[in-house]
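Atom set for the values below is all heavy atoms of this structure, side chains included, hydrogens, waters and symmetry mates excluded.
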Amino acid sequence: MTADPRRVAMISVHTSPLEQPGTGDAGGLNVYVAETAKELAKRGTEVDIFTRRTNGDTPLEGELAPGVRVRHVTAGPYEGLSKHDLPGQLCAFSAGIMQAGLSVPENHYDLVHSHYWLSGQVGWLAADRWRVALVHTMHTMARVKNRHLASGDDPEPLGREIGEAQVVDAADRLIANTEGEARELVELYDAPPEKVSVVPPGVDLSTFRPGDRSTARRAVGVGADDVLLLFVGRIQPLKAPDLLLRAAHELVRRDPRRRAALTVAVVGGPSGSGLARPTGLEELARELGIADLVRFVRPVERQVLADWYRAADLVVVPSHSESFGLVAIEAQACGTPVVAADVGGLPTAVGDAGVLVKGHDPAHWAQAIGTLVDDPGRRETLARRAVLHASTFGWGATTDRLLEVYREAIGNHAESSIDASLRLAGVPTAVTP
């Protein structure tokens, strides 16, 4: 049986695990990289995370946790580049990784794990140079996003689709968050089914856990008797925070008495195409006449975020596309019911512990939200289910499965390398026609 890797090189070109999730390009991917790296280190697998340096004051190397180093690679100007500008810097980033590789002994890394297609392009080169297996996690896919675009949002470019297809071909193993995402890799990218492994993301169950709601409400400044609807995430069309505002407007239009006790909180910052109109959501609240009901909160650290989840009556996840939905599972771990879009990985994340809504009609969302708000007994039932459902998604379970995939990738890569060497030497192998 193949042993666990001693050292893994994780690559996250466009966003660092040290960044605050909820703004810019930082989100679930950041959490995934940081949490799995820490869990791997606890199991004896050292991890080096390579990411782009975006600030001149950032040290070239730092420790995220014992056994986990973050190595910042200079590639292009520190500031002023968006994620869409980074394909032009992949050569510089790759050169930086190759330079870093010169400072460690040969065979230092046993495996490369890349996250997002930009990292996959770099990981492809690094794995080939170091003669190790490449494991890749897409997190999001252009062909999926383009099928579920929000109104007015920009489609992902053809160059990204081509780049993703190249990474699918190059990787020894592809990791999907859900069975649905695995099918999309096979159907939309022609990934061989035997290369695709499903590894659901996790949740930090020590931070996101049930707690006293009154204490949480005092901590975040929400009235004891308010009905609190919460959105958490990056503010961009893909995540559809506007849908929550439109649904809230519909709720108070149907029953003006709700206005006296309704609070809508949006925790997050502008990101992606949302940067084109960074105050667009505030403007929408004013246009809808509900600016007095809406609180906009900048991204917060995880302990504070857990208080927001505990304080909420409902967490609303109205995304147009979502590979999994960490916000949903974090909220449920805190014992808060979720109303989510019936898209992507959200049915897996929500399970039977929340309500899924088809489509993005504000009237349908207002109906789903209002029905739950008016039924405390059902909310209590969903809250109990939510905690049980989330308890099966700890990062430890994710990492256990991840290590299985790593072992398979290393073993198969070694076999393929031996077969290739034999064929070059003219020796028949089992796969020779």
My understanding is that only residues two or more places apart in sequence, or in another chain, count here; which of them pass ring pair (Phe, Tyr, Trp, His ring centres under 6.0 Å) with [X]?
X	answer
F393	F324, H389
H139	Y32, H115
H360	H320

Worksheet item: Does S12 have any side-chain hydrogen bond (donor to acceptor under 3.5 Å, both in side chains) partners at least two apart in sequence or in another chain, and if so, which?
Response: none

Fill in: Summary of salt bridge (charged side-chain N to carboxylate O under 4.0 Å, His left out) pairs that have at least one residue in residues 64-74, sequence neighbours excluded
D48-R69, D48-R71, E61-R69, E61-R71

Discussion item. When you measure from the side chain of R53 to the backbone of P59, do you find a donor-acceptor pair of N or O atoms at a distance under 3.5 Å?
Written reply: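 Answer holds: no.
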
Could you list the residues that satisfy side chain to side chain contact (heavy atoms under 4.5 Å, CB included) with [X], not counting sequence neighbours?
X	value
R286	E282, E283, A291
D226	R217, V222, T263
A363	R254, D361

Worksheet item: If you measure from the Lys or Arg side-chain nitrogens to the Asp or Glu carboxylate oxygens, is any gap between K145 and D153 under 4.0 Å?
Response: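 No, this pair does not count.
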
Worksheet item: Is it true that D313 and R213 have a side-chain N and a carboxylate O under 4.0 angstrom from each other?
Response: yes

Worksheet entry | Heavy-atom check, side chain of K42 versus side chain of T399, under 4.5 Å | no

Qualifying residues under salt bridge (Lys or Arg N to Asp or Glu O under 4.0 Å), relative to [X], sequence neighbours excluded:
X	answer
R253	E250
D85	none
D375	none

Practice prompt. Scan for side chain to side chain donor-acceptor pair (under 3.5 Å) pairs involving residues 322-335, sequence neighbours excluded, and state none if there are none.
Written response: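 Residue pairs passing side chain to side chain donor-acceptor pair (under 3.5 Å), neighbours aside: N177-S323, K239-E322, Y309-E330, S319-E322.
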
